[in-house]
Amino acid sequence: MTYLLTPQERIGLLLFGVLTASGIAAALFLPLDLSTRLFIIGIITVIATCLLGYSYVIVPAKAKLPRSSQYLRYRSLEEASSFQANVISSSKMSKKTTMGGMCNLCGTSALMGFTCSYCNDYFCAEHRLPEKHGCRGLR
Amino acid sequence: MSLYSFSPREKQELLLATGLFVLVEISLFLSPLRFIDLLISDFDSWLSSVFDLVILGILCIPLFLFHELGHKFVAQAYHLKSEFRFLPELALISLISVLLPLKIIAPGVVLSSGGYNGEKDARISLAGPLVNLILGGLFLVLTAILFPGWAFYMVYVSRFSLDMALFNLLPFSVLDGSKVIRWHPGTYWVVFGITACLWLFHPLGILGVVLVA
């Protein structure tokens, strides 16, 4: 399943595409000298890429994507097993079993994979549990 | 874990890989004929050629270093343990390519561990080519500002940076592009398309003549 972009990611991608394409077009078609053309392309590329980097990399990192390790910190074995039981039920899992596809985490093709009920991504048997793939649907 | 933490081993390996990268980039200017020409030329032109290579070598350092640091810092911002590792087999191939017309630059890779998933992997992978795009644009601006004096160096380094960005964005094998296209094809095609346009219309690109004319 394809990831849905957040509004700031959409704006970042749109600005990157439109600004850079306009910069290239302006440099190619406006009657300017060579150094001005290079300056326009260069400065627009820097600004547009910084905007894209900010929306795609810096903002999500500041928002702190969930660490799978935070789901693996148990004080006792009992707590660990209870946590696992609470996270997902086998009945829910079996309903969501899908035929064929690629594991969203390790990239291996899984003929009998699973779609996670929380994030709706497709995983192989090894990474099907939310704590195994650092489920972003559990935030 | 701090965002900017480095292990001593990582620093050494990063330094070694950067040196190898610079060597391969410089070798682009040293074809066998050029090398012979350099050996038989008089002292002044020899000195001038060596000066050119040294300046280009120094300017190429951030292209590789910042690309790898881009991956590393983004991974560490996602609370992953991330370190650069030198790959001896690939480094040897890179070293051999110094003597060949086809250049291969793969001295190492940033390895991350922890709560890893496809989304984080793609965002971390995207950071490297974006750093090269920024550097490519920055060196184009410097080409325009320092025109015509130092423009020769700046335009070549800008070209190398865009080469790196485009190569890493190819959607094959272990390259950064393959992880981004698997995560979000729309993002991939926009970034790849713009990078390809910049690469084509660069003054030293295949369609660069349109810009220079």
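Each chain gets a letter, A, B and so on, in the order its sequence line appears, and its residues count up from 1. These numbers were taken from a predicted model, which means no experiment stands behind them.
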What's the separation between atom OG1 in B:T187 and atom CZ in A:F16, rounded to the nearest 0.5 Å? 10.5 Å
dist B:W183:CH2 -> A:N104:CG (nearest 0.5 Å) comes out at 11.5 Å
Can you tell me which portion of B:L126 sits under 4.5 Å from chain A's heavy atoms? Options are side chain, backbone, both or neither. side chain
From A:I40, A:L38, A:I44, residue fulfilling side chain to side chain contact (heavy atoms under 4.5 Å, CB included) relative to B:L140: A:L38
Between B:Y78 and A:P60, which heavy-atom pair has the shortest distance, and what is it? OH-CB, 3.5 Å
Picking from A:L28, A:V57, A:T20, which has the most non-hydrogen pairs under 4.5 angstrom with chain B? A:L28
Is the number of heavy atoms from other residues, nucleotides or ligands within 6.0 Å of CZ (B:F29) greater than 12? yes
Is the OH atom of A:Y54 crowded by more than 12 outside heavy atoms at less than 6.0 Å? no
Turns out that what part of A:L34 lies under 4.5 Å from chain B's heavy atoms comes down to side chain
Is it the side chain or the backbone of A:S35 that comes within 4.5 Å of chain B heavy atoms, both, or neither? both
If you round to the nearest 0.5 Å, how far is OG1 of A:T45 from NE2 of B:H202? 10.0 Å
Measuring from B:L198:CG to A:I24:CD1, what's the distance to the nearest 0.5 Å? 4.0 Å
Distance, nearest 0.5 Å, that separates CG of B:N132 from OG1 of A:T49: 10.5 Å
So, taking the atom named CG in B:D121 and the one named CG in A:L105, what distance separates them when rounded to the nearest 0.5 Å? 8.5 Å
